[in-house]
Amino acid sequence: MALTEARPLPLSRSPWTIGGLDIPHRVVMGSMHTGLEAIDDGGAALAAFYRERVEGGAALVITGGLAVSSAGRGGPDYAVLGRPDVQERLATAVSAVHAAGGLAIAQLFHAGRYALLAGATDADGRPEQAVAPSAVPWRAARGAVPRALDHDEVLATIADFASAAVAARAAGFDGVEIMASEGYLVNQFCSPLTNLRDDEWGGDAARRRRFAVEVLSAVRAALPPDVPTIVRMSGDDLMPGSSTPEEVQELAIDLVAAGADALSVGIGWHESSVPTVQASVPHLAWLGYPERIAAVVRDRAPRAVPIIASNRFTDLRDVERVLERGTVDAIALARPFLADPAIVARSFAGSFSTVASCIGCNQACIDHSLVFAPVSCLVNPRAGRELEFPLDGPDLVPRSVAVVGSGPAGLAAALDLSRRGHAVTVFESGEPGGQFALAARIPGKEDYALPVASALSELAERGAALRFGTEATIGDLAGFDGVIVASGVRPRRIDVAGSDLPHVMSYERAIRDGVPAGTVAIIGGGGIGVDLAAFLVESHDPAERAREFPLRFGLDPSPMVPASGAAPAPTPGPRDGSQVTVMRRSGKFGRGIGISSRWVALAALTRAGVRLESELSYRAITPEGVEIERADGTIELVPGDTVVVCAGQDPVDRLAQELGRAGIRHEVVGGAKDAREVDAVRAAAEGIAAARRITAPTPG
Ligand code: SF4
């Protein structure tokens with residue numbers, strides 16, 4: 001059946017079961033940490049977050065990790081199952097899921113050595129210390145060494161999982177998922193890297209697996225037989241020297257034998273040098289891992305159980321293509337439900353053009369969770385803030401609002417206004433999408449074009465006026481009730497001798513028009529400078545990069561390469577990295593790129609042979625390149641047949657000043673408001689907040 005027919009995605013929408021639980025379709029909302037469980041609001045925010053997603057088509061939601069004990073928390077914003085306040089919040093959230101027609105599964109979580117508990121105390125006020133199979137620290141713990149559990153503590157921890165399962169059931173959950181992947185405690189017991197024990201809990205692969213099996217058995221015994229238990233296991237730790245593929249397969253067999261009702265297959269550890277969730281990781285890159293586990297379960301396990309694949313799925317057309325292979329039973333997506341709470345409903349309706357796609361930036365989700373900041377989404381700044389920005393029907397007083405600019409801030413504002421029933425006109429004098437459109441030309445960031453396209457589709461469907469190619473004037477804007485100025489930024493010129501030479505160009509021109517053959521000297525090593533270097537040295541064909549990805553990291557190739565997603569940008573092919581130099585006066589390269597993506601971007605440049613030079617000053621730009629002076633006073637010419645300036649931005653805020661003089665109600669957001677650090681997360685959040693302010697009733 002073609003995807004555009006009346007009932008697209010027939011396999012995705014087919015029913016299935018986990019244990020005795022009937023589930024109406026095969027797109028699972030996978031576990032993601034939001035921190036909402038730890039907010040002291042009786043569960044209102046968590047309930048609103050889940051309710052919106054179930055109403056948007058999610059049939060089965062799996063919670064973020066719920067700690068089975070205080071020591072098992074990943075950090076201070078994790079909730080501990082069984083505590084009365086947590087129970088109340090979870091019960092509220094589960095009720096909301098059920099009322100909306102969905103099912104909810106609680107993820108039983110213990111961070112083990114990944115717990116970041118510095119300064120935390122337990123219920124008795126004693127300092128908390130991470131615990132683990134063995135005293136093996138990890139680098140993000142900043143020197144803190146976990147305490148190895150003794151035998152009795154291992155048994156007590158197993159009992160904690162069982163108690164947590166009972167607590168989850170008491171809160172109303174329909175089932176549980178044991179987190180045994182991504183390098184957390186259960187996974188730590190399985191790995192020879194973190195389990196150095198030589199007792200009944202370690203020493204050989206079978207004994208390392210025992211903790212996982214005992215946890216599952218205890219949970220199974222604590223729950224009625226018809227309550228399903230999923231185990232989230234690691235398809236591959238992607239850590240040299242960790243569990244072998246054969247050991248992973250044996251674990252899968254043991255888990256099914258011990259009563260797992262389904263296996264959900266994760267990938268990688270936080271410490272792995274292989275990126276797993278970043279934008280540059282190809283879609284479907286990890287499909288081979290659940291498929292191999294599915295095959296071994298089918299061939300050798302004592303009974304059949306569903307296998308759930310996950311990671312780097314963003315488009316339900318890809319989900320359908322995977323299900324057509326008949327290898328796995330369901331797909332869990334997590335971040336795509338942040339980006340678009342209605343991804344399922346829209347896709348099942350065939351309205352793919354309006355799905356706001358997760359772009360894999362991690363900037364408002366994973367990067368926030370790593371520092372225990374509120375989790376949200378760059379593409380959907382309402383995520384996690386559903387109560388703060390409700391969408392309950394149209395506003396009582398419809399307004400006519402102009403939005404000038406269609407970058408992240410402008411689109412967030414326009415969408416929010418339009419969804420609440422206001423009349424919106426978007427003016428855009430340049431390329432629709434602003435900084436998103438520019439970013440979409442960077443290899444690995446092609447998906448940045450997707451939320452622009454979906455936003456424009458939805459705006460058009462809702463009747464918004466899109467005036468592209470139009471420089472808005474005060475005359476154009478005078479008749480609106482309000483104006484949101486989201487006109488963005490322009491590249492800043494650099495005050496260095498020779499900057500007006502013909503071979504010097506801005507990053508914007510370089511990315512839009514391409515860079516002539518030859519050496520390239522990049523002035524500025526922030527996020528844009530690093531992106532520009534990637535633009536020069538990486539292939540612009542996503543399918544080619546998808547084929548290269550496993551080779552780069554010594555992985556098994558994925559059985560599929562993505563068919564959906566953005567088309568390759570029409571730009572030159574990669575050049576030799578040795579022809580490219582990125583310079584920075586001081587500080588870290590890639591500043592401005594999120595913490596979980598920066599290391600991946602820099603590693604790619606290093607691998608390509610790009611020179612990264614810092615602790616220097618710029619003396620002059622010459623026809624041959626850039627003359628720099630190093631900290632020790634030596635002078636050097638960095639070759640550059642082309643010199644590209646990535647030295648920051650200036651705001652495009654002329655209109656704001658004119659609107660102010662004309663007395664027209666307006667709000668300035670995003671780069672037009674503050675161009676010092678172009679931050680799309682901030683810009684989008686400002687866009688929606690401005691949309692609310694400008695439509696708020698005028699006092700008096
Ligand atoms: Fe996806 Fe970025 Fe949103 Fe996270 S912040 S859900 S990675 S679009």
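These values consider heavy atoms only, across backbone and side chains, with no hydrogens, waters or symmetry-generated copies. What you see is a predicted model; the values in this text were computed from it and never measured. Each ligand, and each atom within it, is numbered from 1 in the order the structure gives.
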Worksheet item: CG of Leu60 to CD1 of Ile308: how many Å apart, nearest 0.5 Å?
Response: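 With rounding to 0.5 Å, CG (Leu60) is 7.5 Å from CD1 (Ile308).
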Which residue holds the protein heavy atom closest to [atom], what is that atom called, and what is the gap in Å?
{"atom": "atom 7 (S) of ligand 1", "answer": "Asn362 N, 3.0 Å"}
{"atom": "atom 3 (Fe) of ligand 1", "answer": "Cys377 SG, 2.4 Å"}
{"atom": "atom 8 (S) of ligand 1", "answer": "Ile359 N, 3.4 Å"}

Discussion item. Whether Arg441 and Glu508 form a salt bridge (side-chain N of Lys/Arg under 4.0 Å from carboxylate O of Asp/Glu) is what I want to check.
Written reply: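 Salt bridge flag = no for Arg441 with Glu508.
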Worksheet item: Mind checking whether Trp138 and Tyr114 have parallel, tilted or perpendicular rings, split at 30° and 60°?
Response: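 Tilted: the ring planes of Trp138 and Tyr114 meet at 30° to 60°.
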In terms of atom number and element, which parts of ligand 1 are under 4.0 angstrom from non-hydrogen atoms of [X]?
{"X": "Leu378", "result": "3 (Fe), 5 (S)"}
{"X": "Gly360", "result": "1 (Fe), 7 (S)"}
{"X": "Val379", "result": "8 (S)"}
{"X": "Ala364", "result": "5 (S)"}

Worksheet item: Should the pair Arg13 and Phe348 be classed as cation-pi, given the thresholds of under 6.0 Å to the six-membered ring centre and 45° from the axis?
Response: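 Because its charged atom sits under 6.0 Å from the ring centre and within 45° of the axis, Arg13 does stack over Phe348.
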Worksheet item: Within Cys361, is some N, O or S atom less than 2.8 Å away from atom 3 (Fe) of ligand 1?
Response: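 Looking at Cys361, which is the residue asked about, there is no N, O or S atom under 2.8 Å from atom 3 (Fe) of ligand 1.
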Worksheet item: How about Cys365: does one of its N, O or S atoms come closer than 2.8 Å to atom 2 (Fe) of ligand 1?
Response: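 Not a single backbone or side-chain N, O or S atom of Cys365 is under 2.8 Å from atom 2 (Fe) of ligand 1.
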Worksheet entry | Closest non-hydrogen atom pair between Val281 and Ala285, with its separation |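 That closest heavy-atom pairing would be CG1-CB, 4.0 Å.
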Discussion item. How close do Glu431 and Ser406 get, counting heavy atoms only, and between which atoms?
Written reply: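 Shortest heavy-atom separation between Glu431 and Ser406 comes out as O-OG, 4.3 Å.
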